[in-house]
There are 2 protein chains.
Amino acid sequence: MTSATTGPSRRERLRAATVAEILTTAHRLLVTDGPTAVTLRAISREMGMTAPALYRYYPSLEDLMEHLRAQLSDECTAYIAAEMDKAGPVDSPGRLYQGARAFRTWSKAHPIEFAEIFAAHEHGAGDGHPEDGPSHEAGMRFAAVFLNEFIALWQRQRFPIAEHVSEELRVQLQPFLDQFGVPLPVGALQVFLSAWIRLYGAVALEIFGHLHFGIADVTPVFEAELADVAARLGVEYQAP
Amino acid sequence: MTSATTGPSRRERLRAATVAEILTTAHRLLVTDGPTAVTLRAISREMGMTAPALYRYYPSLEDLMEHLRAQLSDECTAYIAAEMDKAGPVDSPGRLYQGARAFRTWSKAHPIEFAEIFAAHEHGAGDGHPEDGPSHEAGMRFAAVFLNEFIALWQRQRFPIAEHVSEELRVQLQPFLDQFGVPLPVGALQVFLSAWIRLYGAVALEIFGHLHFGIADVTPVFEAELADVAARLGVEYQAP
DNA sequence: TGTAAAAGTTTACGGTGTTTACGAGTGCTG
DNA sequence: CAGCACTCGTAAACACCGTAAACTTTTACA
C-alpha cells in the first residue's frame, strides 16, 4: 500500500489506461482510414495485442463504437463550451453566437466524427431500446450546453416567444420542463427547439455535402441563418 | 428477329431485369436485416447465384450501394411528387405543405433508407470527387421537386424576401441561379435554402432519434416548425 | 454453323467479429 | 506465507466477408 488515501486500485488504473488507449486508437483509425477501418483486429494490432483481448473491455465492436461516439460527442461539447467561455462570462451576449459557430467549426474540422455522432445509429434494424447507452447520455450533456445558455438568455432578456402554443405541443414539452426543472415557459422551449433544428440542419447539410450543388462557400448561408435566428430571438446580429 | 421495331435487345432486357432484381434484393436485405446485412454474398445467395457473378453488373459493393441509394432517393422523390399532386394542380396552395409532410411521412416509414440517403457518404475518408455518381444526380432530382414548387409559389405570390442579401451570399447564390436558369431572385433562393434547412433539420433530428429525450410525439414540433416557415412565406397555415 | 462476347461458376486469398479453451500474472485472504 | 480466485492475455477455430483470377457455359450474330 503506497498511498494512504484509498484511491483507485492499481488494477483499476491499468484498466482505465487500457480503455483510454483503445478509444484513442480507434479514434485515430477512424479519422485516418475511415469508419470501415475501425476493426477489433486493427485496434489490437496497433496496440500490440490480439483481437479477442479487447473482449475483456467491451462485449462487442458495436459496444466499443458506442463508447467511442460518446467520447467524440464529449470532445465536441467541451470545444463548444470552451469557445463559449472565450466570449465572456455567463451573462454576456454573443456566447450563443460563439457556441453556434464553434459547433460548425468543430463539425467542419471533424466531419467523420460528426457523422459518427449525429447520423443514424439505430444500428442493426431491430428493437433496441432507443433511450440508453453512453452516447445518449453524452448527447444530453451536449444539449445541456446550449440549453443552459438559452436559459441564461431568457433570464437576462425575455425574447419574444410564440404567443400561442398549440395544446398538442404543450402536452409534449411541459412534462420535459417539469421533469428536469427547466425554468423556461413552453413557448421559449419551442423557440429553442426551432433554433437547434436550424443550427443542426444547416451544419448537417453542409457536412454531408448536400449543399455543394453550386455553393462553394457555405459560410454566408450559415451566417444568414444565424442572423435570422438572432432576429427571432431579438438579439442584434454580431458578425464573426 | 421477332419484333419489327428495334427496341432493347433480349440480352439488354435480361440484364436490366437482373440489375433490378439485384437492387430490390439489396433493398430487402437492407430493411429487414440492417445495413451490415447488405453483402454481395447475401444478395447472390438470395438470387440463387454466386457472389462473383455480381461483378458482371457492379465493379464493387460500394458502387452497388451507390446505385441503390440513387434508387431509394428516387423512390422518396416520387412519393413526395405524388403526394403533392394529390393536393391539387401546380398553382394550388397547400402543395408545399403536402410535400413537406410527405417528406416526413416517407422518412418515418423508411428510416433506414433515409439514413442511407441523407447521412454521410463521403465513404472511405479520402479525396473522392464529391460531385458525381448516380446518388448525387438523384439528389438533384429530389431538390428539383421542392425548388420547382418554390418557383411556382414565387410566381403566384411574391412572398417577402430578405430585404438585404449580403454580398458574400449573393456571390455564392447568383451563379447557381444563372447556371440553371432559375427564375428566382437571390433573396428568394435564400428563403428556399432556409426552409429546406429547417425541413431537413426537423426530419433528420427526429429520424436519427435526437429529439427523443422527452418528446414522445414529434408531430406538434414539426407542425410548429412548418407553421413558422409558412408565416415567413406569407401563406396561411393549413392544418393536416 | 462457327465464333466471340457475355454470364456465371469454381477456387483461392486475406480480412473480419466472435467463441472457446487455455495459460500467465495479480492480489486478496486464511 | 500458501492457496486461491480473479484478471488479462493468447491461440485456435468457426463462419462470414470483398475481391481477383481462371475456367465453363450460354447466348447472339455474321
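Every value quoted in this text rests on a predicted model; they were computed, and no experiment measured them. A, B, ... follow the sequence lines: proteins, then strands. Residue 1 opens every chain.
Pairs engaging residues 59-78 of chain A under the ring pair (Phe, Tyr, Trp, His ring centres under 6.0 Å) rule: Y58(A)-H67(A) [sequence neighbours left out]. Within the structure, the salt bridge (Lys or Arg N to Asp or Glu O under 4.0 Å) test picks out the following pairs touching residues 38-58 of chain A (sequence neighbours left out): R28(A)-E46(A). Applying the salt bridge (Lys or Arg N to Asp or Glu O under 4.0 Å) test to pairs two or more places apart or on separate chains, those with a residue in residues 193-222 of chain A are R104(A)-E206(A), K108(A)-E206(A), R198(A)-E225(A), R198(A)-D228(A).
Contacts with DNA chain C (heavy atom under 4.0 Å) in residues 50-60 of chain B: T50(B), P52(B), A53(B), R56(B), Y57(B), listed by number.
With sequence neighbours left out, the side-chain hydrogen bond (donor to acceptor under 3.5 Å, both in side chains) criterion links D85(A) to R95(A). Evaluation of the side-chain contact (heavy atoms from CB on, under 4.5 Å) rule for S60(B) yields E62(B), D63(B) as partners, not counting sequence neighbours. For the side-chain contact (heavy atoms from CB on, under 4.5 Å) test, residues two or more places apart in sequence or in another chain that qualify with H27(B) are V31(B), L68(B), L72(B), E75(B), E113(B). F192(A) meets the ring-ring contact (aromatic ring centres under 6.0 Å, His included) test with F150(A); sequence neighbours excluded. Among residues two or more places apart in sequence or in another chain, the side-chain contact (heavy atoms from CB on, under 4.5 Å) test is passed with T77(A) by S73(A), F142(A), V145(A). Every side-chain contact (heavy atoms from CB on, under 4.5 Å) that L193(A) has, sequence neighbours left out, goes to L173(A), L211(B), F213(B), I215(B), V221(B).
When each of T18(A) and R41(B) is assigned the nucleotide of DNA chain D bearing its nearest heavy atom, the one mapping closer to the 5' terminus is T18(A).
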Could you list, one pair per line, each protein nitrogen or oxygen that sits under 3.5 Å from a nitrogen or oxygen of nucleotides 24-29 of chain C, together with the distance?
unit_1: dG27(C); atom_1: OP1; unit_2: R10(A); atom_2: NE; d: 3.2

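The distance between atom CD of E46(A) and atom P of dG15(C), rounded to the nearest whole Å, is 14 Å. Remark: C1' of dT18(C) and CE of M65(A) are 17 Å apart, rounded to the nearest angstrom.
A centroid separation of less than 6.0 Å is found between the aromatic rings of F208(B) and F114(B).
At the phosphate of dA7(C), OP1 or OP2 sits under 4.0 Å from a side-chain N or O atom of R15(B).
Along DNA chain D, the stretch of nucleotides lying under 4.0 Å from any heavy atom of chain A spans, 5' to 3', dT7(D) to dA13(D).
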